[in-house]
Amino acid sequence: MRSDNHGNCKKEDLLLYAVTDRSWLNGETLYAQVEKALKGGVTFVQLREKNLDEVSFLEEAKEIQKLCAQYHVPFVINDNVEIAAQINADGVHVGQSDMEAGDVRKKLGPDKIIGVSAQTVEQALKAQAHGADYLGVGAVFPTGSKADAVEVSHETVKAICEAVDIPVIAIGGITAENVAELAGTGICGIAVISAVFAQKDIKGAAQHLKSHTEEMLKVQQ
């Protein structure tokens, strides 16, 4: 993989990529939890809402967008290209069953970050050809956060990293305890959900995970 930054996305911003989930709010607001994660050193935030109505989603997206801007952390929306366009988010992340990267690019313009989920080298090359800025590859470990997650071997992750020129992050079941196993795959960072947001100490969990990820990347180099 090339060492330079690609398109609209800096590799270093993808080090610790947090994907929101309101499953573990326990009376807190998502805003408060995202702020704790940012204080813990999260470098990228994806707002993922599968069941929120459009009005609430829009309001929440605007609030968390402002919060991420205060911490100078890129903020993207999962799947909902319309809301991303409406609030002028930094970008969007789409899955294989969502809108193709090229169509997203037409809607959002040339300067927005577009991330695409991929499970195979073929999907990865296609996403890159259509203008994706980075890839999210997984699930690299068993995960409970996504019911439909397909497990991707570490060999496949490595093959994807070697096949594309854009940054690749691993997602799915990653914890501070197992992140070291991803050394040598070629990824530039990890995306996590429960490893941050399901923890009692969100800020501490983010700090711990970030330092372990940095260690893993040092070994990789």
Side-chain angles (χ1 to χ4, degrees), residues 5 9-50 52 60-78 89-93 113 115 117 133-146 149 157 167-183 185 187-221:
N5 293 323
C9 203
K10 292 179 185 168
K11 275 173 69 177
E12 57 268 28
D13 286 342
L14 293 163
L15 176 69
L16 182 55
Y17 182 122
V19 182
T20 67
D21 191 326
R22 52 182 49 249
S23 305
W24 302 289
L25 290 183
N26 296 321
E28 280 192 294
T29 62
L30 195 67
Y31 182 98
Q33 291 196 339
V34 171
E35 184 157 38
K36 286 177 187 176
L38 288 164
K39 283 179 176 170
V42 157
T43 59
F44 203 111
V45 172
Q46 178 194 129
L47 181 62
R48 183 170 178 260
E49 289 290 3
K50 294 294 185 183
L52 210 57
E60 180 182 80
K62 284 178 182 171
E63 286 178 356
I64 293 177
Q65 179 185 32
K66 279 184 197 161
L67 178 63
C68 289
Q70 285 168 28
Y71 285 83
H72 308 289
V73 164
F75 171 74
V76 299
I77 304 278
N78 178 271
D90 294 318
V92 74
H93 186 93
I113 301 167
S117 299
D133 290 297
Y134 73 88
L135 299 172
V137 175
V140 293
F141 297 106
T143 174
S145 297
K146 284 191 80 179
V157 177
V168 176
I169 54 173
I171 187 168
I174 301 169
T175 64
E177 288 70 44
N178 66 19
V179 69
E181 293 174 40
L182 296 167
T185 55
I187 58 168
C188 67
I190 60 166
V192 291
I193 305 174
S194 60
V196 168
F197 292 112
Q199 308 310 307
K200 281 198 172 86
D201 177 7
I202 290 173
K203 180 184 171 185
Q207 286 171 331
H208 194 47
L209 202 51
K210 189 176 186 181
S211 66
H212 278 268
T213 305
E214 285 168 340
E215 283 303 311
M216 179 271 294
L217 291 176
K218 276 181 201 160
V219 171
Q220 182 160 278
Q221 288 164 1

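- Among the candidates R22, R48, K66, the single residue satisfying the salt bridge (charged side-chain N to carboxylate O under 4.0 Å, His left out) test with E60 is R22.
- Considering only residues two or more places apart in sequence or on other chains, K200 meets the side-chain hydrogen bond (donor to acceptor under 3.5 Å, both in side chains) condition with none of them.
- Ring planes of Y134 and F44: perpendicular class, angle over 60° (limits at 30 and 60°).
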| request: Might you work through the side-chain contact (heavy atoms from CB on, under 4.5 Å) test for E215 and K218, ending with a clear yes or no? | output: CA-CA 5 Å; E215 283 303 311; K218 276 181 201 160; 3.4 Å; yes
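- For the side chain to side chain contact (heavy atoms under 4.5 Å, CB included) criterion with I190, the lone passing option out of I171, V140, L182 is L182.
- Q199 places none of its side-chain heavy atoms less than 4.5 Å from the side chain of W24.
- For the atom pair CD1 (I187) and CE (M216), the distance works out to 3.5 Å, reported to the nearest 0.5 Å.
- Residues meeting the ring pair (Phe, Tyr, Trp, His ring centres under 6.0 Å) test with F75, sequence neighbours left out: none.
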| Should C9 and L14 be marked as a side-chain contact (heavy atoms from CB on, under 4.5 Å) after you check the CA-CA gap, both sets of side-chain angles, and the distance that decides it? | CA-CA 8 Å; C9 203; L14 293 163; 3.7 Å; yes
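- In this structure, Q46 contributes its side chain and A18 its backbone to no donor-acceptor pair below 3.5 Å.
- Residues that satisfy the side-chain hydrogen bond (donor to acceptor under 3.5 Å, both in side chains) test with T213, not counting sequence neighbours, are absent from this structure.
- In terms of modelled atom types and a separation under 3.5 Å, the side chain of E181 and the main chain of F141 share no donor-acceptor contact.
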